[in-house]
Amino acid sequence: MDTLSYINSFAPAKINLGLRILGKREDGYHEIRTLMAPISIGDNIYIERTEDGIVLETSGHFDVPKDANNLALKAALLFLSHYSIQSGLKIKLTKVIPPGAGLGGGSSDAATALSSLKELFGIKDSIDTLFQLAAQLGSDVPFFLLKKPALCTGRGEKLQPATIHYPRKGILFYPGFPVQTPWAYKKYRELLDQGAVHPPDPATIDQPLNDLEQVVFSKYLWLGTLKSWLINRFHPELCLMSGSGSSLFALFNQEDPQFFESLIQEAKNYLGSCCWIRSFEILESI
Ligand SMILES: C[C@@](CO)(OP(=O)(O)O)[C@H](O)COP(=O)(O)OP(=O)(O)OC[C@H]1O[C@@H](n2ccc(N)nc2=O)[C@H](O)[C@@H]1O
Ligand SMILES: Nc1ncnc2c1ncn2[C@@H]1O[C@H](COP(=O)(O)OP(=O)(O)O)[C@@H](O)[C@H]1O
């Protein structure tokens with residue numbers, strides 16, 4: 001049977017339709033409860049088997065690490081080492097997802113690299129192994145292996161497939177600067193210890209609220225202003241920061257492409273060129 005020599009894959013971004021922080025853990029992470037969904041905006045990863053050498057080329061709208069700090073490369077190295085595979089690889093990563101935007105771009109690249117390599121090398125063992133490797137790479141990485149909406153608990157790696165009861169279409173706003181995830185959780189912990197933020201009321205646990213918004217908005221005041229403007233001007237069904245920021249998304253009960261085009265145009269006129277604005281759809285599966 002012919003073996004594949006290369007694979008080209010779509011690595012979607014995600015949005016968090018709520019992110020509740022349930023408590024601090026001994027290991028430095030937080031117990032969370034978050035509904036995540038893949039969306040129609042994503043990176044592209046091409047992986048080719050070569051004789052020797054592991055080469056990563058990156059291109060696209062955004063700069064990301066080009067060394068072993070790149071999560072796609074990190075995932076590939078972990079995979080080869082786990083299965084004791086001696087092979088060269090050429091990886092071409094085209095970035096479309098803004099980094100540090102709370103859209104899980106690095107995690108999605110890592111998960112997509114793992115599943116591409118499993119296929120490329122014809123690995124037949126249980127998918128559980130890939131989930132274990134994914135969890136070693138980051139809390140959000142297992143979600144991107146599942147490839148469908150899920151309620152994520154634990155530190156984010158425990159997955160339960162979920163149905164999304166919100167409109168599927170929306171607009172994404174990346175303000176042009178990143179927010180670092182470790183900073184957001186650290187700041188949350190500090191504010192919690194000071195009594196400036198409070199653990200979620202169990203009665204609201206499944207409401208679409210993001211417990212990191214207050215923390216991130218307290219440093220990046222403009223994001224709070226942007227959220228208020230979006231709500232007051234366009235009345236979305238849901239408007240939230242995704243993950244630890246910096247992007248915001250708004251969902252609308254609308255099918256008409258003209259509605260989204262004119263909203264984007266008005267937002268661009270109002271916000272200027274610093275803000276990256278795109279329409280998207282929530283994906284049921286990838
Ligand atoms: C906030 C979320 C929401 O989906 O996403 P992003 O905004 O990063 O996309 C996730 O919890 C991020 O997941 P991920 O980006 O994979 O985080 P990791 O690499 O595992 O962890 C980075 C750091 O964030 C903190 N962290 C992460 C997850 C968690 N449940 N509790 C934490 O306290 C830890 O300090 C950790 O060292
Ligand atoms: N393949 C990758 N794509 C994006 N960022 C990456 C990648 N590999 C490593 N990183 C690093 O991970 C950080 C977080 O990026 P990303 O996963 O896109 O954001 P977030 O954690 O906000 O969802 C970036 O600042 C970047 O330095």
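In each ligand, atom 1 is the first atom listed, and ligand 1 is the first ligand listed.
Close approach of ligand 2 to L93 (heavy-atom distance below 4.0 Å) involves ligand atoms 1 (N). Atoms of ligand 2 found under 4.0 Å from any heavy atom of L103 (numbered from 1 in listed order, with element): 23 (O). Residue N69 has at least one heavy-atom neighbour below 4.0 Å for each of these atoms of ligand 2: 8 (N), 9 (C). Remark: ligand 1 atoms within the under-4.0 Å shell around heavy atoms of H30 are 29 (C), 30 (N), 31 (N), 32 (C), 33 (O). Atoms of ligand 1 lying under 4.0 Å from any heavy atom of N16, numbered from 1 in the order shown and given with element: 3 (C), 4 (O). Taking a cut-off of under 4.0 Å to the non-hydrogen atoms of G102, the atoms of ligand 2 that pass are 20 (P), 22 (O), 23 (O). Those atoms of ligand 1 that come under 4.0 Å of a heavy atom in G28, given as number and element, are 33 (O).
Residue nearest to atom 26 (C) of ligand 2, selected from S108, G106, P65, G60: P65 (by heavy-atom distance).
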For this session: Could you check F144 against I286 for side-chain contact (heavy atoms from CB on, under 4.5 Å), going step by step and ending with a plain yes or no?
Result: CA-CA 10 Å; F144 287 103; I286 302 153; 5.9 Å; no
For this session: Would you sort out whether Y83 and F121 count as a ring-ring contact (aromatic ring centres under 6.0 Å, His included), showing the intermediate values?
Result: CA-CA 10 Å; Y83 288 106; F121 288 99; 9.2 Å; no
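In M36, the part holding a heavy atom less than 4.0 Å from any atom of ligand 1 is the side chain. With a heavy-atom cut-off of 4.0 Å, N70 touches ligand 2 through backbone and side chain alike. Contact annotation for Y185 and ligand 1: only side-chain heavy atoms (C-beta onward) come within less than 4.0 Å of the ligand. Residue I97 does not touch ligand 2, judged by heavy-atom distances below 4.0 Å. With a 4.0 Å heavy-atom cut-off, ligand 1 is reached by the side chain of K14 but not by its N, CA, C or O.
Aromatic ring orientation, H30 versus Y185: parallel (interplanar angle below 30°, classes split at 30° and 60°). Ring geometry, Y270 versus W229: the interplanar angle falls under 30°, so the pair is classed parallel (tilted spans 30 to 60°).
Around the OH atom of Y6, the shell of radius 6.0 Å holds no more than 12 heavy atoms that belong to other residues, nucleotides or ligands. Within a 6.0 Å radius of CD in E119, other residues, nucleotides and ligands contribute 12 heavy atoms or fewer. Annotation for K66: atom NZ counts as buried by contact number, over 12 foreign heavy atoms lying within 6.0 Å. Heavy atoms from other residues, nucleotides or ligands lying under 6.0 Å from CG of D63 number 12 at most. Surrounding CD of Q214 are at most 12 heavy atoms belonging to other residues, nucleotides or ligands under 6.0 Å away. Counting heavy-atom neighbours within 6.0 Å of Q194 CD, excluding the residue itself, gives a total above 12.
Of all protein heavy atoms, the one closest to atom 23 (C) of ligand 1 is P182 CG, 3.9 Å. Given atom 17 (O) of ligand 1, the protein heavy atom at minimum distance is S139 OG, 4.0 Å. The protein heavy atom nearest to atom 5 (N) of ligand 2 is V64 CG1, 3.7 Å. In this structure, the protein non-hydrogen atom closest to atom 21 (O) of ligand 1 is Y29 CE2, 3.8 Å. At the top of the distance list for atom 5 (O) of ligand 1, counting protein heavy atoms only, stands D140 OD2, 3.1 Å. Of the protein's non-hydrogen atoms, the one nearest atom 3 (N) of ligand 2 is K95 NZ, 2.9 Å. For atom 14 (C) of ligand 2, the closest non-hydrogen atom on the protein side is G100 N, 4.0 Å. Of the protein's heavy atoms, T181 OG1, 2.6 Å lies nearest to atom 8 (O) of ligand 1. Closest protein heavy atom to atom 19 (O) of ligand 1: G138 CA, 4.2 Å. Scanning the protein heavy atoms around atom 12 (O) of ligand 2, the nearest turns out to be L71 CD1, 4.6 Å. The protein atom (non-hydrogen) at minimum distance from atom 25 (O) of ligand 2 is Q180 OE1, 3.8 Å.
For the pair E213 (side chain) and M241 (backbone), a donor-acceptor distance under 3.5 Å is present. Under the 3.5 Å distance criterion, the side-chain polar atoms of D140 are left unmatched by any main-chain donor or acceptor of S107.
Not close to ligand 2: G243, with no non-hydrogen atom less than 4.0 angstrom away. No heavy atom of P178 sits closer than 4.0 Å to any atom of ligand 2. At least one heavy atom of G104 lies less than 4.0 angstrom from ligand 1. Look at K74 and you'll find every heavy atom at least 4.0 Å from all atoms of ligand 2.
Shortest non-hydrogen contact noted between L71 and G106 is CB-O, 3.4 Å. When all heavy atoms of R155 and Y29 are compared, the closest pair comes out as CD-CD2, 3.7 Å. Residues A162 and L35 approach most closely at CB-CD1, 3.6 Å, considering heavy atoms. Across every non-hydrogen atom of F10 and S40, the tightest pair is CZ-O, 3.6 Å. Counting all heavy atoms, side chain and backbone alike, G42 lies closest to V96 at O-CB, 3.1 Å. In this structure, F173 and L226 approach most closely via the heavy-atom pair CB-CD2, 4.2 Å.
By the definition of a contact as any protein heavy atom under 4.0 Å away, atom 9 (C) of ligand 2 is in contact. Shown here, atom 20 (P) of ligand 2 is in close reach of the protein: a heavy atom of it lies under 4.0 Å off.
Ligand 2 has an N or O atom lying under 3.5 Å from an N or O atom of G104, backbone or side chain. In terms of polar-atom proximity, D109 is counted as a contact of ligand 2, with an N or O under 3.5 Å from an N or O of the ligand. Considering backbone and side-chain N/O atoms, V179 never comes within less than 3.5 Å of an N/O atom of ligand 2. Checking only distances, P99 never comes within under 3.5 Å of ligand 2, N or O to N or O. Considering backbone and side-chain atoms alike, S244 places every N or O at 3.5 Å or more from each N or O of ligand 2.
Because its NZ or CZ atom is not both nearer than 6.0 Å to the ring centre of F62 and within 45° of the ring axis, K95 does not count as a cation-pi partner of that residue.
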